[in-house]
Amino acid sequence: MAEHTIENALSADNLPKHIAVIMDGNGRWAKAKGKARVFGHKAGVEAVRKTVSTASRLGIKVVTLFAFSSENWRRPEDEVSLLMELFMTVLGREVKRLHKNNIRLRIIGDKTRFSQRLQKKIAEAELLTADNTGMVLNIAANYGGQWDILQAAKRLVNQAAENGLTAEDITEDMLVQGLSTSGLPEVDLLIRTSGECRISNFMLWQMAYAELYFTEQHWPDFDEQSLADAVAWYVNRERRFGCTGEQVQALLQK
Ligand code: IPE
Ligand code: IPE
Ligand code: MG
């Protein structure tokens, strides 16, 4: 067995391959500052940038960020439209930077409910970065875990009809292939900010064995140190080592 050293603990094998994040608490962060919720959403963009850059530098294979749930349409109309606008602007502004960093961007969720303009922008961004070989960045937008499983089941039914398959022919792998994350490793580490301890219909199938990490920090305050702490917590849980966030951060200097 390999020696219990920090170097071994922090080798790529022990780091989570897929990190999923429920970016929560933008509204509360803004409220605590006496500002409108919108201000929190805008501040949250900077935390996204830091998380993507840190994860990519750590050599994480896949990051999935929950940006807008299928339930979030129930929010006040002006907040929804602001979030859509923000999504448009950020997509336009950030995609070149992602491409330069060899990151493959994918938007997962039911895209049909978005405006034509936004759908076009999404398709362009996905196409531009499609051949990149670095980290995969999934942005979950109008996403729901139940929706994902349902749409995979529907694909399976069509496939079965086309190929004359019966219920006995259906395997777990076939269903997984229809999920929005097909071809990617399952989630190893789920992070949820802002103190809420629930899954909120995020990647239900993909998180079957994930370690769940909840932090009180609001999303706009989440930074490099926060991600390093979460990764260190994961490594320690999985491998029973005692490494620290600082030691994970030291990997970034290499
Ligand atoms: C997360 O922050 C962002 C989205 C869900 C779009 P919230 O907007 O949920 O912030 P809180 O939970 O109200 O503080
Ligand atoms: C979950 O956050 C969805 C996103 C982070 C996009 P919410 O704030 O919408 O979740 P609930 O409503 O508190 O469960
Ligand atoms: Mg919330």
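Atoms within each ligand, like the ligands themselves, are counted from 1 in listed order. This one's a predicted model, so the numbers in the text were calculated from it and none came from an experiment. Reckoned from all heavy atoms, side chains included, excluding hydrogens, waters and symmetry mates.
Residue, atom and distance of the protein heavy atom nearest to atom 8 (O) of ligand 2 are D24 OD1, 3.1 Å. Looking only at heavy atoms of the protein, atom 4 (C) of ligand 1 is closest to R75 NH1, 4.0 Å. Distance from atom 10 (O) of ligand 1 to its nearest protein heavy atom, with residue and atom name: G27 N, 2.9 Å.
S115 places a side-chain N or O within 3.5 Å of a backbone atom of L118 that can act as its donor or acceptor partner. Within the 3.5 Å criterion, the main-chain N or O of D223 finds a donor-acceptor partner in the side chain of S226. Remark: the backbone N or O of G145 is not paired with any side-chain donor or acceptor of D148 at under 3.5 angstrom. Side-chain atoms of T129 never come within 3.5 Å of backbone atoms of N132 as a donor-acceptor pair (strictly under, hydrogens ignored).
Only protein N, O or S atoms were scored, and 1 of them lie under 2.8 Å from the Mg ion (ligand 3).
Because its NZ or CZ atom is both nearer than 6.0 Å to the ring centre of W29 and within 45° of the ring axis, K33 counts as a cation-pi partner of that residue.
Residue-to-ligand polar distances place N26 within reach of ligand 1: an N/O pair is separated by less than 3.5 Å. Every N/O-N/O distance between A67 and ligand 1 stays at or above 3.5 Å. At under 3.5 Å, not a single nitrogen or oxygen of W29, backbone or side chain, sits near a nitrogen or oxygen of ligand 1.
Protein heavy atoms are absent from the space less than 4.0 angstrom from atom 12 (O) of ligand 2.
Note on residues 60-102: pairs passing ring pair (Phe, Tyr, Trp, His ring centres under 6.0 Å), not counting sequence neighbours, are F66-F202, F68-W73.
Shown in contact with N72 at under 4.0 Å from a heavy atom are these atoms of ligand 2, numbered in order with element: 3 (C), 6 (C), 9 (O). Of all the atoms in ligand 2, the ones that sit under 4.0 Å from a non-hydrogen atom of F68 are 6 (C). Residue R198 has at least one heavy-atom neighbour below 4.0 Å for each of these atoms of ligand 2: 11 (P), 13 (O), 14 (O). Close approach of ligand 2 to I22 (heavy-atom distance below 4.0 Å) involves ligand atoms 1 (C), 5 (C).
Using bins of under 30°, 30° to 60° and over 60° for the plane-to-plane angle, the ring pair W147/Y143 lands in the perpendicular bin.
Contact annotation for F202 and ligand 2: no heavy atom of the residue comes within less than 4.0 Å of the ligand. Of all the heavy atoms of H41, the ones lying under 4.0 Å from any atom of ligand 1 belong exclusively to the side chain. At a heavy-atom distance under 4.0 Å, only side-chain atoms of R192, from C-beta outward, approach ligand 2. Here M23 has backbone heavy atoms under 4.0 Å from ligand 1, and that is the only part of it that gets that close.
If you check each of S194, A141, S200, S70 against atom 14 (O) of ligand 2, the one with the closest non-hydrogen atom is S200.
Enclosure of atom CG in N163 by more than 12 non-hydrogen atoms of other residues, nucleotides or ligands within 6.0 angstrom is indicated.
Within the 4.5 Å cutoff, no side-chain heavy atoms of E94 are placed close to those of L91.
Residue contacts with ligand 1: K31 is excluded, as none of its non-hydrogen atoms falls under 4.0 Å.
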